[in-house]
Undergrad: 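Following this message is one structure expressed as structure tokens.
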Amino acid sequence: MSAEKDTGSGQVPSFCDWMSQLPGELHKIPLCSLAIPGSHDSMSYDLDINSSVVEPDNLKGLSKIYLARRIVHKWAVTQEESITKQLDAGVRYFDLRIARKPNDPDPTRLYFYHGLYTRTDVETGLRMIHDWAEKHPKEILILALSHFEGFQKEKRNIPTLKSCWDQGRNVIVSYDYSANQHPEMWGRIPYYYGDSMDPAEVESKLRQSLEKGRSSEAFYVCGLNLTLPEDTRILRYIFRPCDNLTKVLQRSLPKLLQWVKQQTSHRPNIVASDLVTRDNFVSTVVQLNISKVEIT
């Protein structure tokens with residue numbers, strides 16, 4: 001299994017087909033026993049600065065003011081690369097937050113969002129993922145659809161790589177919504193995160209989650225993402241003239257990845273992060289699978 005070296009010059013390392021290249025002994029274990037790279041707020045690279053503000057609530061009323069939208073955009077963009085480039089880089093879990101725009105003349109049209117709406121609608125985004133999946137039939141993708149802003153459970157056996165390949169299927173859809181669950185859709189995938197801007201606190205809370213012993217029969221996500229406070233403490237960050245979320249993430253991600261490298265005994269399932277194409281994030285998570293084989 002090889003990849004281009006991440007030089008930091010904008011070239012994205014490729015782990016296009018890392019699942020099909022895993023050792024044979026990993027092909028028949030449940031997917032929730034593999035370490036899978038995931039992206040947090042996967043479509044946030046596409047946020048539309050001209051859209052109305054979806055969140056936080058205290059800025060919704062300022063949607064018509066460009067400066068307010070610019071501040072939200074500055075602190076809501078968590079990914080640098082397109083969904084296709086994330087797929088090429090090896091990301092296999094996608095956090096897709098769905099919203100319907102108020103007063104949209106087309107009530108069936110949906111968008112992704114994080115603070116602002118995306119320019120790309122859901123149908124177009126899913127088509128891009130579908131086209132990529134068709135070209136890489138042995139790479140299993142997990143799409144976590146959630147939140148459903150603007151919208152007024154069945155248990156299945158956990159698949160393995162081999163069972164997915166044998167059935168000719170390679171997309172798992174997780175549907176986090178209170179409506180009746182369709183049998184072809186997976187239920188909500190729990191997402192554990194630190195809810196903090198402090199990498200040490202994020203690491204501590206994730207360690208506590210892993211030590212509780214996650215079920216070997218269900219997917220779950222360890223989120224490396226930092227989270228801006230929802231109270232007045234947010235002002236400490238958003239009014240820094242020479243800083244933004246991307247820069248803060250760049251400083252914290254290497255520390256969090258060092259923690260990930262140490263998780264060989266309590267290997268996490270899906271590891272989601274911001275800036276997924278940087279700092280060898282994907283290769284660090286994938287290597288946990290190889291380390292597990294070497295240990296056993």
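Values in this document were obtained by computation on a predicted structure and should not be read as measured data. We number each residue from 1, following the sequence as shown.
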Undergrad: Salt bridge check: are D88 and K85 linked by an N-O gap of less than 4.0 Å?
TA: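 No.
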
Undergrad: My understanding is that only one of V202, L249, L226 makes a side-chain contact (heavy atoms from CB on, under 4.5 Å) with M197; could you say which?
TA: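 Answer after filtering V202, L249, L226: L226.
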
Undergrad: Any chance you could lay out the side-chain contact (heavy atoms from CB on, under 4.5 Å) test for V221 and F219, step after step, and finish with the verdict?
TA: CA-CA 7 Å; V221 183; F219 292 114; over 6 Å; no

Undergrad: Just how far is it from atom CG of L34 to atom CG of N289, taken to the nearest 0.5 Å?
TA: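 The distance works out to 5.0 Å.
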
Undergrad: Applying side-chain contact (heavy atoms from CB on, under 4.5 Å), run through V248 and W75 and close with a yes or a no.
TA: CA-CA 10 Å; V248 174; W75 290 94; 4.3 Å; yes

Undergrad: Salt bridge or not between D48 and K101? Use side-chain N to carboxylate O under 4.0 Å.
TA: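 Judged by the 4.0 Å cut-off on N to carboxylate O distance, D48 and K101 do not form a salt bridge.
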
Undergrad: Return the minimal non-hydrogen interatomic distance between L288 and A35, and the atom names on each side.
TA: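 Looking at all heavy atoms of both residues, the shortest contact is CB-CB, 3.8 Å.
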
Undergrad: With S39, which of Q79, E81, R92 fulfils side-chain contact (heavy atoms from CB on, under 4.5 Å)?
TA: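 With S39 as partner, Q79, E81, R92 yield a single side-chain contact (heavy atoms from CB on, under 4.5 Å), made by Q79.
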
Undergrad: What verdict does the side-chain contact (heavy atoms from CB on, under 4.5 Å) test give for V77 and L245, after you've listed the backbone C-alpha separation in whole Å, the side-chain angles of each residue and the deciding distance to 0.1 Å?
TA: CA-CA 7 Å; V77 174; L245 186 57; over 6 Å; no

Undergrad: Among D279, D243, D198, which residue satisfies the salt bridge (Lys or Arg N to Asp or Glu O under 4.0 Å) criterion with R251?
TA: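 Result: among D279, D243, D198, D243 is the only option passing the salt bridge (Lys or Arg N to Asp or Glu O under 4.0 Å) with R251.
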
Undergrad: Hey, are N225 and Y191 close enough side-chain-wise for a donor-acceptor pair under 3.5 Å?
TA: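 Judged by distance alone, the side chains do pair up.
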
Undergrad: Minimum heavy-atom separation for D104 to Y111, with atom names?
TA: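 Scanning both residues completely, I find the closest heavy atoms to be OD2-CE1, 3.8 Å.
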
Undergrad: Would the number of heavy atoms belonging to other residues, nucleotides or ligands and lying under 6.0 Å from CD of Q250 be above 12?
TA: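 Check passes, neighbour count above 12.
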
Undergrad: Any chance you could measure D274, atom CG, to T246, atom OG1, to the nearest 0.5 Å?
TA: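 These two atoms lie 8.5 Å from each other.
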
Undergrad: Which is it for L96 and V122 under the side-chain contact (heavy atoms from CB on, under 4.5 Å) test, yes or no, and what are the steps along the way?
TA: CA-CA 9 Å; L96 302 172; V122 169; over 6 Å; no

Undergrad: So does D41 pair up with R97, basic N to acidic O under 4.0 Å?
TA: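 Yes, charged N to carboxylate O under 4.0 Å.
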
